[in-house]
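Each chain gets a letter, A, B and so on, in the order its sequence line appears, and its residues count up from 1. Computed from a predicted model, the values in this text were never measured in an experiment.
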Number of protein chains: 2
Amino acid sequence: MSASAVTPAPTVGRPRAFDMEKALQKALEVFWRKGYEGASLPDLCEAMGINKPSLYAAFGNKEQLFLKTIELYENRPCAFFYPALEHATSYEVVKHMLCGAASTNADPDNPPGCVIVQGALACSESATFVKEALIAKRRAGEVALCTRLEQAKAEGDLPDHSDPAALARYILAVLQGMAVQATSGANCAELKQVAETVLAAWPGKRG
Amino acid sequence: MSASAVTPAPTVGRPRAFDMEKALQKALEVFWRKGYEGASLPDLCEAMGINKPSLYAAFGNKEQLFLKTIELYENRPCAFFYPALEHATSYEVVKHMLCGAASTNADPDNPPGCVIVQGALACSESATFVKEALIAKRRAGEVALCTRLEQAKAEGDLPDHSDPAALARYILAVLQGMAVQATSGANCAELKQVAETVLAAWPGKRG
DNA sequence: AGGAATATTTACCAATCGGTACATTATGGT
DNA sequence: ACCATAATGTACCGATTGGTAAATATTCCT
């Protein structure tokens, strides 16, 4: 995804002096660490290497900037959730989700946790729109996993008595809990133990 | 716990016109719903029915007020975590934790979720102390459960190959994930399904 | 070369933030 | 009745918040 895909590059006028994609990456780091409301405009500008008018011209306002960083977060190379759905068995699907979460949430090169969990969990009224956007993102992940588990049940991968919706909610709860654990200082090995505990009891076929 | 236990009632001077305990309850509601930073002093004052000088005279400042509300949160009648440790088997312990979390996090009479999870998960530097206080609270719960599971292992309740620290981290992750689910709108029945999923696979003896 | 278009810089805006000075009011002790 | 003590209401403080007006700088097009 090039910067010109975010905002069409104009053919005339003074050219932008910064890379929008890199600036978004820096903004993501700030929002990830401090949350939507905890990240101030000076925080963001300093990290992005630009000043406020440039930020507003390029991204709209703080809220739109945040939503764009979330898009980036979900599309970046190390995103693990949606690709995990492609695996052949429900066991492999949840294994890749849980292990991906362990790696990403506790990656020392990134802020701890998950910005979709901690970006706006409890906040003032002025952040309601952002909070609900993140709720929708979490919910979308749960629905996608539920659909995948329904398929697994239809294929005989999961037992007939299993409840895909409940299992999806359970897995999402564990993933979100792992994000909280990571912000509390849990490292990758500790999170992998959580993943292992879940996998050891997974009702689907192995392999 | 009476109000006079919080701050010794003076024998002289104009008497306090509000109930400190009830004011703390109201402050808790605000912090619970909006988080530490998202709750403004006007928000708190309005809910508590007092104005700023009274708040500062009675509770110190915003940070100390928050820490006192957290104490109240952990000690209030519907608190479920530490009492659950007293049950006879590890199965009963985690069952009461998980079911208590389902009830409390999705109680329509209270804000959704858990203030110890969402009070200051990602925030600005000025809230670092509060954030780390909540991390310590969460960690203390995990250590207490770990100790209880070690006892269960020693008693033969949990199998010899089980890892109490990993199990405790897993349960705490689920509890924290349930709090996130509750802030996303999950109801009590949905959270109980998560609890059931965990309990169905619990390695300890039943009953 | 000159103009249209866009980006950058500086300086500013009103609103809100957490926190407090000060005058007033209400109590108990003497 | 009077004083010491403490709580209240009002009105304020400097700092920071998200956001912008206006001037300047850099490009392409003619």
Polar side chain donor-acceptor pair, A:Asp107 to A:Thr104, under 3.5 angstrom | no
In terms of side-chain heavy atoms, does B:Glu155 have a donor or acceptor partner in B:Gln151 at a distance below 3.5 Å?
-> yes
DNA chain C contacts made by residues 30-51 of chain B, counting heavy atoms under 4.0 Å =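 Output list: B:Ala39, B:Ser40, B:Leu41, B:Pro42.
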N/O (side chain, A:Lys62) to phosphate O (OP1/OP2, D:dG18) under 4.0 Å |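 For A:Lys62, the contact criterion (side-chain N or O under 4.0 Å from OP1 or OP2 of D:dG18) is met.
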Phosphate contact (C:dT8 OP1 or OP2) by A:Arg14 side-chain N/O below 4.0 Å | no
Check whether any side-chain heavy atom of A:Tyr36 lies under 4.5 Å from a side-chain heavy atom of A:Val115, and answer yes or no.
-> no
Side chain to side chain, A:Leu158 and A:Leu167, heavy atoms closer than 4.5 Å = yes
Base, sugar-phosphate, or nothing for B:Ala17, non-hydrogen atoms under 4.0 angstrom?
->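 Answer is sugar-phosphate: B:Ala17 comes under 4.0 Å of backbone atoms only.
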Determine the contact category for B:Pro53: base if any of its heavy atoms lies under 4.0 Å from a base atom, sugar-phosphate if only primed atoms, P, OP1 or OP2 are that close, otherwise nothing.
-> base
A:Phe18 CZ - D:dT26 C1' separation (whole Å) | 15 Å
Starting from C1' on C:dT9, measure out to CG on A:Leu55 and report it in whole angstrom.
->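 Spelled out: CG on A:Leu55 to C1' on C:dT9 is 15 Å.
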Matching residue for A:Asp43 among A:Lys52, A:Lys62, A:Lys34 - test: salt bridge (charged side-chain N to carboxylate O under 4.0 Å, His left out) |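 One option only clears the test, and that one is A:Lys34.
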Counting side-chain heavy atoms from C-beta on, which of C:dT27, C:dT20, C:dA7 comes nearest to B:Lys52?
-> C:dT20
With nearest nucleotides of DNA chain C determined for B:Tyr56 and A:Ser54 from heavy-atom distances, which residue corresponds to the more 5′ nucleotide?
->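 That would be A:Ser54.
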Neighbour count >12 (heavy atoms, 6.0 Å) for atom CZ, A:Phe129 | no
